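In each ligand, atom 1 is the first atom listed, and ligand 1 is the first ligand listed. Heavy-atom basis, side chains included; hydrogens, waters and symmetry copies ignored. What you are looking at is a predicted structure, and each value in this text was computed from that prediction instead of being measured.
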Amino acid sequence: MFRTLRLSLRFLVPLLLAMVGVAYLSVPLVDSLMQRWFVRDLDIRSSFVARSLEEQVGELLESKSNSRIDALLERATADERLFALGLCDANGRLIRRTHSFPTSIDCSVSRRVGAGAGLVLDLPQGAVHVATAELKRGDETLATLVMLHDMSFVQRRSEDTRKYIVILFTVLGVAVALITIAVAHLSWRGWVAGVRAMLRGEGVIRPFAHPRPELQPLVGDLRALLRDMQNERREQDEIAARWNPETLRHLLHDQFSGDEVILVSNREPYIHVRTAQGVQVQRPASGLVTAVEPVMRACSGTWIAHGGGSADRESSDAAGRVRVPPGDPAYTLRRLWLSKEEEKGYYYGFANEGLWPLCHIAHVRPVFRTEDWDHYHAVNEKFARAVVDEAHSDDPIVLIQDYHFALLPRMVRERLPRATIITFWHIPWPNPESFGICPWRAEIINGLLGSTILGFHTRFHCNNFLQTVDRFVEARIEYESSTVSYGGHLTQVESYPISIAWPVTDTAAETVAAARARIRRILGVDDSHLVGLGVDRLDYTKGIVERMRAVERLLELHPEWTGRFSFVQIAAPSRSSLDEYQRFEAQVRATAAQINARFGDASWQPVRLLVEHHDADSVRAYYRACDVCMVTSLHDGMNLVAKEFVAARDDDRGTLILSQFAGASRELHEALIVNPYHTEQVAEALHRALGMPEHEQRERMASLRQLVRDFSVYRWAGRMLLDAARLRRRERIAARIDEYSESA
Ligand code: F6P
């Protein structure tokens, strides 16, 4: 209100002054115009007076009746305007005059008066209009009548007019000023709203479809800005194939002026474990770590994670920091220590017994305990404090990973409002009905909406999330631009399919032929033996049992594979302290044993189950040695095993069988896509893969490899960072507009 008043006065006062000025400047013009009109009017009146007196005066002159002439002239001047009359003879002598005739005027004045146009004289008694007319009898001029009209009324009228003009212009000025203020105010508000909406990514076209003429230049500038942003995005997309650690580093430097990157995940990238041989460094079986670690190497910065290794404390400094990778340090790992209770409640409890089954919908009931939730909340707080500890500025780039930290984005936002927070949810997001069973659904949504960007692997998961927001909190959702406005803050919800680093570093550097031969030796089979492979954490979402059932069905339907084909399942133990996982491991072991008992013999076993941790090189050797890789997840955010297998096959051979319920199936179209619940279908796909001609394998694999190469994890991170940079710019422009409209 106060601002509007201030704004109004700023418009009103200058406009009023201008109008009054214009009024005063226009008065002389109006004066002279009026003078001319009145003079012309008096000219006409004078000729009328002359005509009406001509005959009588002529007769009286002839009869020399001077007194009657005087009386006639005096009578005529009874008219309030006709001030005085005089008669001049042919010799230019004033022969008769009314009493009012000024002594300062004589008959010589008639020489100064033009024909039909009077003369204005300023006399001591005021301005007078002087006109003359010859009084004739036939051709003879009897006398010249001198007529003086009082012009004081002109002055009076002129003063009145001047007064009215000033009043009129002042009133007009006020009216124009008020209308201008109203229009400007509405236009400004509309414009600001339009720009804000655009910056929020809402309907970029709408506010500017028919811009008001006065806003045309500004709209032009904004359009140019938007065009630049869009071109930039297009260009960046076009160079997708060139994404690598270097481009990522440049991106950080160019778009974020080298701002620090802080990454948060539960799982740490390097685990120090105490073994009989001393402290060893292990890499976890985690898709998240596989994907994100190369990005951190490229960006440097700090990775905050739970220090869960038995030798982690002794391998870190007092603050829990250690430079990694060991031997070739590129970034800092900051370990946070969790108590057994915290780990039990936050990680095993709420994250893995609650959110994990909730989001995967893999027929395992989620368990929600208030105690777990409290630990989850407290551990998220602990990580938020660590983010603030590690931040050297008030606007770091914070990359938050996964379902362990649904509350962290909001907690960081509250502590570092200017931070760019990119949260990536590595697992699926279910539909609103499924998610709705979580007792803390609103808190989780609120937590995630503290992010600048919230990423999922697929558009499908983004839409599920937006619908969940719509169902459970009061937020404004723009489906077109995929943004959520909540509590005055905007979050971009976007799909960023995660991937792996390309090219893959192979420290073992073993050829495909060598790997094939070596692995077959380990399995105790000959070189022509075909090998199928599964690589997973021992998790009920991965479809390991379903996969083994498909192997069993293959042997039933196509007994020709008996003794010629083995299926190797590498299963990394995972979350083993949970009952559900222990039951699952037992089920996997029992299934393998049952199939082997049914089809195997002393020299051959159809299923080789390897429940143990395998390092990256060893897994890669299996990828290169196998003929078919089976990824049959019942539900999976992305599944990077599929991409790792493709990346390992530089011989362009091998076939991928891929679940339609893994995010990867949205990208890897040349795989044999299956429904893991349909045992016969998977068995037939396996049969087809084992018999696939080499040229078909090559065609499919070459195309898969091109996709994984072009859409590497550097592009995944790069796209998120580019989007974040764009949002940062938009926020800055919005802030400037706010500042401007505050001060306007
Ligand atoms: O799939 C979700 C995820 O967090 C992955 O990112 C990762 O591969 C896996 O779970 C690891 O689980 P955990 O850290 O519990 O062993």
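Atom 7 (C) of ligand 1 has its closest protein heavy atom at Ser286 OG, 3.4 Å. Shortest contact from atom 14 (O) of ligand 1 to any protein heavy atom: Arg267 NE, 3.0 Å. In this structure, the protein non-hydrogen atom closest to atom 12 (O) of ligand 1 is Arg575 NH2, 2.8 Å. The nearest protein atom to atom 15 (O) of ligand 1, hydrogens excluded, is given as Tyr347 OH, 2.4 Å; this is a heavy-atom distance. If you check which protein heavy atom lies closest to atom 3 (C) of ligand 1, you get Asp402 OD2, 3.4 Å. Looking only at protein heavy atoms, the nearest one to atom 9 (C) of ligand 1 is Arg537 NE, 3.5 Å. The shortest contact between atom 6 (O) of ligand 1 and any protein heavy atom is with Leu288 CB, 3.0 Å. Residue, atom and distance of the protein heavy atom nearest to atom 8 (O) of ligand 1 are Gly287 N, 2.5 Å.
For Tyr581 and Asn352, the side-chain atoms include no donor-acceptor pair closer than 3.5 Å. Under the 3.5 Å distance criterion, with hydrogens and angles disregarded, no donor-acceptor pair is assigned to the side chains of Arg321 and Ser316.
Residues Phe350 and Trp373 place their aromatic rings such that the two centres sit under 6.0 Å apart. Trp356 and Tyr403 have their aromatic ring centers within a separation under 6.0 angstrom. For His426 and Phe424, the distance between ring centers is under 6.0 angstrom.
Contacts between Phe424 and ligand 1, counted as non-hydrogen atom pairs separated by less than 4.0 Å, are absent for every part of the residue.
Not a single heavy atom of Gln401 lies less than 4.0 angstrom from ligand 1.
Note on ring orientation: taking the six-membered ring where Trp is involved, the planes of Phe465 and Trp429 are perpendicular (angle over 60°, cut-offs 30° and 60°).
Summarising the local packing, CD of Glu246 is surrounded by more than 12 heavy atoms from other residues, nucleotides or ligands at distances under 6.0 Å.
Taking any N or O of Ala285, backbone or side chain, none lies under 3.5 Å from an N or O belonging to ligand 1.
In summary, the atoms of ligand 1 found under 4.0 Å from a heavy atom of Ile427, numbered by their order in the structure, are 1 (O), 2 (C).
Nearest heavy atoms, Pro497 versus Glu667: CB-OE1, 3.5 Å.
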